[in-house]
Amino acid sequence: MIIAIDGPAGAGKSTVARAVARELGLLFLDTGAMYRAVTWAALQRDVDVHAADKMGELARSLRLEFDAEGRIVIDGVPGEPHIRSSAVTHNVSYVAAHSAVRAALVPQQRRFAHPHGIVAEGRDMGTVVFPHADLKVFLIATVGERARRRAAEIGAPDAVERIRAEIERRDHLDATRDDAPLLKADDAKELITDGLTPRQVVDTLVALARAAKADPVQHGR
Ligand code: DC
């Protein structure tokens, strides 16, 4: 079974997708981590993140794997926590906008789906990478809620405004790029998570997944 979860930055996709994968015994795939890995490698090696050809070459050259906990490993080196740094977060949307980078990563993302089922999260899971997913979910929350959650997560309640500005900037870049922009697939179920706990969101998704599995026709498959 393939479950595709998309949505804007900070909507809680990773937390929720990881828990859904655990409950359903599926593999968890954080595709944002792959774009972050390429960005981190570029910053490490002084490659210009705006140079499409060089970034494509770099993306093709990296060996990206995931450990048993679903954490990315870049050429044998654990990517956490480096890929979450503010420098990577600031630059990743430029990197993800290069078609050459996406062309290098998308086939790898599809390969991770076989032979096991998968819960994949990102921006283009339902639209581009897994258009035939058994279940597509588009998770959203207001930007204020997303900024508050992120600030609480990193223990910095006074950083809400700064985080909000960064999220808005990234959403704009991700939604307006030409190649595979952040977009709800026509057949995705939209879930607004404002005021919901992660547990409530996970329960909703697990129920949707079970329903999709029991009655694929009803879900348009
Ligand atoms: O989910 P995240 O914040 O870790 O994602 C990091 C960036 O990667 C995000 O700003 C957009 C990009 N991304 C993408 O373009 N396509 C994906 N499938 C996943 C992430």
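Here the structure is a predicted model, which is why all the values come from computation and not from measurement. Heavy-atom basis, side chains included; hydrogens, waters and symmetry copies ignored. All residue numbers refer to positions in the sequence shown, counting from 1. One-based numbering, in listed order, for ligands and for the atoms of each.
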Exercise for the section: Report the nearest protein non-hydrogen atom to atom 19 (C) of ligand 1: residue, atom name, distance rounded to 0.1 Å. Expected result: T31 OG1, 3.4 Å
Practice task
Verify the distance criterion only: is there a donor paired with an acceptor across the side chains of D179 and S99 at less than 3.5 Å?
Solution key: yes
Practice task
Please state whether A9 comes within less than 4.0 angstrom of ligand 1, counting heavy atoms only.
Solution key: no
Handout entry: Close side-chain approach of D171 to E168, heavy-atom, < 4.5 Å
Key = no
Problem - Side chain proximity check, R102 to Q109, heavy atoms < 4.5 angstrom - result: no
Practice task
Write out all pairs satisfying ring-ring contact (aromatic ring centres under 6.0 Å, His included) with one or both partners inside residues 41-77, taking only residues at least two apart or from two chains.
Solution key: H50-Y94, F66-F112
Problem - M55 side chain reached by V47 side chain, heavy atoms, under 4.5 Å - result: yes
Handout entry: Within-cut-off N or O pair, R102 and ligand 1, under 3.5 Å
Key = yes
Handout entry: Ligand-side contact atoms (ligand 1) for residue partner S93, heavy atom cut-off under 4.0 Å
Key = 10 (O)
Fill in the blank from the handout: For atom 20 (C) of ligand 1, the closest protein heavy atom turns out to be G32 CA, 3.5 Å
Completion exercise
among protein heavy atoms, the one nearest atom 3 (O) of ligand 1 is R170 NH1, 2.9 Å
Problem - H90 side, atom NE2; E166 side, atom CD - distance, nearest 0.5 Å - result: 6.0 Å
Handout entry: 4.5 Å side-chain heavy-atom contact, E121 and F28
Key = yes
Handout entry: Element-labelled atoms of ligand 1 that are located less than 4.0 Å from some non-hydrogen atom of G122
Key = 17 (C), 18 (N), 19 (C)
Practice task
If you have a sec, work out which protein heavy atom is nearest atom 12 (C) of ligand 1 and how many Å separate them, to one decimal?
Solution key: A96 CB, 3.7 Å
Practice task
Give the C-alpha distance, both sets of side-chain angles, the deciding distance and a yes or no for side-chain contact (heavy atoms from CB on, under 4.5 Å) between L182 and F138.
Solution key: CA-CA 10 Å; L182 168 67; F138 199 74; 3.9 Å; yes
Problem - Heavy-atom side-chain proximity of V137 to T204 below 4.5 angstrom - result: no
Handout entry: Top protein contact for atom 11 (C) of ligand 1, by heavy-atom distance
Key = D174 OD2, 3.3 Å
Exercise for the section: Take every heavy atom of R177, measure it against each atom of ligand 1, and state whether any distance is under 4.0 Å. Expected result: yes
Exercise for the section: Specify the protein heavy atom at minimum distance from atom 17 (C) of ligand 1: its residue, its atom name, and the distance to 0.1 Å. Expected result: R123 N, 3.4 Å
Handout entry: Enumerated ligand 1 atoms positioned under 4.0 Å from heavy atoms of D124
Key = 16 (N), 17 (C), 18 (N)
Handout entry: Short N or O distance, D30 and ligand 1, threshold 3.5 Å exclusive
Key = no
Exercise for the section: Would you check whether Q109 reaches within less than 4.0 Å of ligand 1, judged by its heavy atoms? Expected result: no
Exercise for the section: Side-chain contact test, heavy atoms from C-beta onward, threshold under 4.5 Å: evaluate it for K213 versus L24 and give yes or no. Expected result: no
Practice task
Considering heavy atoms of the protein only, find what lies nearest to atom 4 (O) of ligand 1 and give residue, atom and distance to 0.1 Å.
Solution key: R36 NE, 2.7 Å
Handout entry: Numbered atoms of ligand 1 (with element) below 4.0 Å of M125, judged on heavy atoms
Key = 18 (N)
Exercise for the section: May I ask you to check whether R149 and T15 show a side-chain donor-acceptor distance below 3.5 Å? Expected result: no
Exercise for the section: Report yes if Y35 has an N/O atom closer than 3.5 Å to an N/O atom of ligand 1; otherwise report no. Expected result: no
